[in-house]
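Order of the sequence lines sets the chain letters (A, B, ...), proteins ahead of strands, with each chain counted from 1. On a predicted model such as this, the values are computed, not experimentally measured, just so you know.
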Protein chains: 2
Amino acid sequence: MSENKYLSIYNDLLSKIEKGIFKPGMKIPSENQLVEQYETSRETIRKALNLLSEHGYIQKIKGKGSIVLDVRKFDFPISGLISFKELAQKLGKPSRTIVEQLEVMKPDDMLKKHLHVTAREDIWKVVRVREIEGERIILDKDFFNKKFVPFLSKDICERSIYEYLEKELQLKISFAKKEFFVEECTDEDRKYLHVEQYTHVVVVRNYVYLDDASLFQYTESRHRLDKFRFVDFARRIHLH
Amino acid sequence: MSENKYLSIYNDLLSKIEKGIFKPGMKIPSENQLVEQYETSRETIRKALNLLSEHGYIQKIKGKGSIVLDVRKFDFPISGLISFKELAQKLGKPSRTIVEQLEVMKPDDMLKKHLHVTAREDIWKVVRVREIEGERIILDKDFFNKKFVPFLSKDICERSIYEYLEKELQLKISFAKKEFFVEECTDEDRKYLHVEQYTHVVVVRNYVYLDDASLFQYTESRHRLDKFRFVDFARRIHLH
DNA sequence: TTGACTTACTTGTATATACAAGTTAAAATA
DNA sequence: TATTTTAACTTGTATATACAAGTAAGTCAA
């Protein structure tokens, strides 16, 4: 599947963890054993194992080996740069995307600040509602620099913009900064979402960057309070 | 400072970024130039650069070089495993910790589930309020397995438990899983915090693990809605 | 039996080399 | 002049080797 050796080994080990062939608490084969299994060098194995460790799938213990963790077992959404479609597929709940707005606009002051664009540049504005199990839970307001995304359609926005961007436009989405905070409901929230009795929403500001570090997307994702959940995995950095 | 070559190079480059010697948008020296500067091998330089990249400080671009990002510039708290003392020092706001409870207890059902302990084991319960700029903003309820932390005092809890655990007890805190969600205020919240008019709090469940993957701490951190903020940096995983 | 030592394993770090592949600018060519 | 080619850079991947350091279990001696 992968052209990279270490990435395909990462994938293979990951699928063995997810399928339960390697169970939480269990030791996976030692680096030298994996070298023989995959017929490669130890450094290549170590690259794959370090990726698994970074992502919270295993813990490497010096002198002992690597054991499978269970922190990734039941928890979604876990930290990462992932599209709603990918998330919905993992969650397995019936969900639907409703495109409420799709237009090209000039940036206002808010957008000039968040998307780092000038007044003359064109911006795609996409407003979508995510319906989960029949309830309108999330309001996604996406803004794309038209320089990077010349064309968009309602159909693309309903299916998956990321799939289109990566597969059709060959954009290399690389990293994102996310800011989480809580804000009072706006009229727009009440218009598009089932906010129920709640007075606040959880807001996730998403700044998404391409391979060459250019900012191409700003997203404001507004979640109904009671349905919001986020999981983060973090490693402590020791500098001694 | 560090015994590790690649970690000390990571530190050195990081401090140059934080001091503004390397500014956002700027290229840092190429790997080969750094090899000469630090008199080391390219693989060692690459380990340092890959760490900086993971943590959101630089973007490596094939064929071009590494450029400094600004996503880490103004934002705290950013994702990571960091103590309140470390956080408060970075934020620079006047803050104070008030120890409200400190006792040894037997686990109830909630704790047996969250801390993976049996009914017979002893648990440290520490309830602390974090006062920021004079307001009681955060309620931290920490639970430590007494097996790992035989002794605690009010003084330690006021200063920094982590500093005590790492420096005195030599515990190797390794990784954590954090769950974020929103919950209705409890009587306890209203007792200890200035919740004002808010009906909900942001809850952060923290599961903290040692080097050998043993769960030693469970923390419930309850934040006043309007003061909560969290920043996450994520890289997209491409598997092709 | 107890404790110290040895041995064989584990992962961690540092180095060297080779080649692939993307970028850029100078040089050669039409 | 305009275009193509080349050369010199950049980072990415894969391999090999050496040694350090932590773990665990068996061996040997007191």
**Item:** Test of ring centre spacing under 6.0 Å for B:F228 and A:F181
**Value:**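 Not under 6.0 Å, so no.
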**Item:** B:F216 ring center within less than 6.0 Å of B:Y209 ring center
**Value:**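 No, they do not, as the ring centres are separated by 6.0 Å or more.
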Between [X] and [N], does any side-chain N or O lie under 4.0 Å from OP1 or OP2?
X	N	value
A:Y6	D:dT13	yes
A:K47	D:dA14	no
A:N32	C:dT10	yes
B:T40	C:dA14	no
B:S30	D:dT10	yes

Rounded distance in Å - [atom1] ([X]) to [atom2] ([N]):
X	N	atom1	atom2	value
B:E43	D:dA14	CD	C1'	10 Å
B:N4	C:dT15	CG	P	12 Å
B:Y10	C:dG12	OH	C1'	18 Å
A:R42	C:dT10	CZ	P	10 Å
A:R46	D:dT17	CZ	P	17 Å
B:L51	C:dT13	CG	P	10 Å
A:L52	C:dT11	CG	C1'	15 Å
B:L34	C:dT15	CG	P	14 Å

**Asked** Residues in salt bridge (charged side-chain N to carboxylate O under 4.0 Å, His left out) with A:R236, at least two apart?
**Response**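 Here the qualifying residues are B:E86, B:E166.
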**Message:** Applying salt bridge (charged side-chain N to carboxylate O under 4.0 Å, His left out), can you list everything that pairs with B:K85, at least two apart in sequence or on another chain?
**Reply:**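 In terms of salt bridge (charged side-chain N to carboxylate O under 4.0 Å, His left out), with neighbours along the sequence ignored, B:K85 is linked to B:E163.
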**Request:** Indicate whether the side chain of B:H55 and that of B:S53 have a donor and an acceptor atom separated by less than 3.5 Å.
**Result:**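 B:H55 vs B:S53: no donor-acceptor pair found between side chains.
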**Request:** Output the single nucleotide from D:dT11, C:dT10, D:dA16 whose closest atom is nearest the side chain of A:Q33.
**Result:**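 Of all the options, the side chain of A:Q33 is nearest to C:dT10.
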**Prompt:** Considering only C:dA16, D:dT11, D:dA16, which nucleotide approaches the side chain of B:K60 most closely?
**Reply:**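 Taking heavy atoms from C-beta onward, the closest nucleotide is D:dT11.
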**Request:** Specify whether A:F180 and B:F180 have parallel, tilted or perpendicular ring planes, treating 30° as the upper limit for parallel and 60° as the lower limit for perpendicular.
**Result:**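 Ring orientation, 0 to 90° scale: parallel.
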**Prompt:** Would you call B:D232 and A:K177 a salt bridge, taking side-chain N to carboxylate O under 4.0 Å as the test?
**Reply:**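 Between A:K177 and B:D232 there is no salt bridge, as every charged N stays at least 4.0 Å from the carboxylate O atoms.
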**Item:** SB check A:E54 B:R235 (cutoff 4.0 Å)
**Value:**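 Here A:E54 does not pair with B:R235 in a salt bridge, since their nearest N and O are not under 4.0 Å apart.
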**Prompt:** Can you tell which of B:L165, B:L115, B:T219, B:I123 makes a side-chain contact (heavy atoms from CB on, under 4.5 Å) with B:F144?
**Reply:**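 Considering B:L165, B:L115, B:T219, B:I123, a side-chain contact (heavy atoms from CB on, under 4.5 Å) with B:F144 is found only for B:L165.
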**Among B:E158, B:R128, B:R130, B:R159, side chain to side chain donor-acceptor pair (under 3.5 Å) partner for B:T97** =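 Checked B:E158, B:R128, B:R130, B:R159 against B:T97; only one passes side chain to side chain donor-acceptor pair (under 3.5 Å): B:R130.
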**Item:** the helix from C:dT1-D:dA30 to C:dA30-D:dT1: angle between end helix axes, five pairs per end, rounded to 10 degrees
**Value:**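 Answer rounded to 10°: the end axes differ by 10°.
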**Prompt:** Using a heavy-atom distance cut-off of less than 4.0 Å, which residues of residues 167-175 of chain B contact DNA chain D?
**Reply:**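 The answer is none.
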Return the polar atom pairs (N/O with N/O) between nucleotides 23-26 of chain C and the protein under 3.5 Å, or none.
from: C:dT23; atom 1: O4'; to: B:G63; atom 2: O; distance (Å): 3.3
from: C:dT24; atom 1: OP1; to: B:K64; atom 2: NZ; distance (Å): 3.4

**Request:** To the nearest 0.5 Å, tell me how far B:M110 CE sits from B:Y218 OH.
**Result:**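 The OH atom of B:Y218 is 5.5 Å from CE of B:M110, to the nearest 0.5 Å.
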**Item:** Listed partners of B:I21 passing side chain to side chain contact (heavy atoms under 4.5 Å, CB included), at least two apart
**Value:**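 For B:I21, the residues satisfying side chain to side chain contact (heavy atoms under 4.5 Å, CB included) (neighbours in sequence not counted) are B:K16, B:K19.
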